[in-house]
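Comments concern the structure below.
Numbering of ligands and ligand atoms starts at 1, following listing order. None of these values were measured; they are calculated from a predicted model.
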Amino acid sequence: MADCIFCKIAAGEIPSEKVYEDEEMIIIKDINPQTKIHLLAIPKKHFESVSDMTESDAQIVGRCLYKIGKMADKLGLENGYRIVSNKGDDGCQSVKHLHIHVLGGQKLAEKMC
Ligand code: 5GP
Ligand code: ZN
């Protein structure tokens with residue numbers, strides 16, 4: 001997608017602090033962290049949200065979740081974390097390329113909103 005910031009980050013055209021990369025995903029530090037540790041797991045393939053996934057896209061997202069789980073301790077999230085994927089206006093999605101927020105490094109609020 002020509003004007004998608006996460007496609008550009010995934011392609012290395014815009015710099016980011018990557019903590020993991022393979023052929024189908026990156027995990028980067030959020031530029032404006034909301035918690036002590038705030039990561040974004042981003043499939044390299046462009047699709048807007050969970051509502052726009054094909055079954056094959058869902059398998060990529062599943063592998064993103066798997067990788068987060070496997071890397072959590074190494075990333076400083078051994079005490080726990082929260083996973084969020086915002087969708088649309090009510091979800092306050094600002095970047096229209098699916099991404100999974102990984103929030104942790106501190107005790108989070110009990111309520112989600
Ligand atoms: P959303 O609001 O779409 O759920 O989340 C988008 C996230 O992407 C925000 O937390 C925002 O801080 C992050 N973000 C936006 N632009 C950039 C960028 O250029 N680099 C990085 N690392 N994060 C970004
Ligand atoms: Zn994109």
Stepwise side-chain contact (heavy atoms from CB on, under 4.5 Å) check, Ile27 with Lys18: CA-CA 6 Å; Ile27 304 178; Lys18 286 194 185 99; over 6 Å; no

Residue pair Glu23, Lys44: steps toward the salt bridge (charged side-chain N to carboxylate O under 4.0 Å, His left out) verdict: CA-CA 8 Å; Glu23 63 284 349; Lys44 289 185 175 178; over 6 Å; no

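Within His46, the N, O or S atom at minimum distance from the Zn ion (ligand 2) carries the name ND1. Closest approach between the Zn ion (ligand 2) and any N/O/S atom of His97 involves ND1.
Annotation: salt bridge (Lys or Arg N to Asp or Glu O under 4.0 Å) contacts involving residues 54-70, sequence neighbours excluded, comprise Glu24-Arg63, Lys45-Asp57.
Annotation for Asp3: atom CG does not count as buried by contact number, only 12 or fewer foreign heavy atoms lying within 6.0 Å. Within 6.0 Å of the CG atom in Asn79, the count of heavy atoms belonging to other residues, nucleotides or ligands does not exceed 12.
One hydrophobic cluster, built from ILVMFWY side chains closer than 4.5 Å, holds both Ile37 and Val102.
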Under 3.5 Å, N/O to N/O: give me all the pairs between ligand 1 and the protein, one per line with atom names and distance.
{"residue": "ligand 1", "atom": "2 (O)", "partner": "Cys92", "partner atom": "O", "Å": "3.2"}
{"residue": "ligand 1", "atom": "2 (O)", "partner": "Ser94", "partner atom": "N", "Å": "3.2"}
{"residue": "ligand 1", "atom": "2 (O)", "partner": "Ser94", "partner atom": "OG", "Å": "2.7"}
{"residue": "ligand 1", "atom": "3 (O)", "partner": "Ser94", "partner atom": "N", "Å": "2.7"}
{"residue": "ligand 1", "atom": "3 (O)", "partner": "Ser94", "partner atom": "OG", "Å": "3.2"}
{"residue": "ligand 1", "atom": "3 (O)", "partner": "Val95", "partner atom": "N", "Å": "2.9"}
{"residue": "ligand 1", "atom": "3 (O)", "partner": "His99", "partner atom": "NE2", "Å": "3.0"}
{"residue": "ligand 1", "atom": "4 (O)", "partner": "Asn86", "partner atom": "ND2", "Å": "2.7"}
{"residue": "ligand 1", "atom": "4 (O)", "partner": "His99", "partner atom": "NE2", "Å": "3.1"}
{"residue": "ligand 1", "atom": "4 (O)", "partner": "His101", "partner atom": "NE2", "Å": "2.8"}
{"residue": "ligand 1", "atom": "5 (O)", "partner": "His99", "partner atom": "NE2", "Å": "3.0"}
{"residue": "ligand 1", "atom": "5 (O)", "partner": "His101", "partner atom": "NE2", "Å": "3.2"}
{"residue": "ligand 1", "atom": "10 (O)", "partner": "Asp30", "partner atom": "OD1", "Å": "3.3"}
{"residue": "ligand 1", "atom": "10 (O)", "partner": "Asp30", "partner atom": "OD2", "Å": "2.5"}
{"residue": "ligand 1", "atom": "12 (O)", "partner": "Asp30", "partner atom": "OD1", "Å": "2.5"}
{"residue": "ligand 1", "atom": "22 (N)", "partner": "Lys29", "partner atom": "O", "Å": "2.9"}
{"residue": "ligand 1", "atom": "22 (N)", "partner": "Ile31", "partner atom": "N", "Å": "3.4"}
{"residue": "ligand 1", "atom": "23 (N)", "partner": "Ile31", "partner atom": "N", "Å": "3.3"}

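A distance of 11.0 Å separates CG in Asp89 from OG in Ser94, rounded to the nearest 0.5 Å.
Remark: at the Zn ion (ligand 2), atom SG from Cys7 and atom SG from Cys4 enclose 120°, rounded to the nearest 10 degrees.
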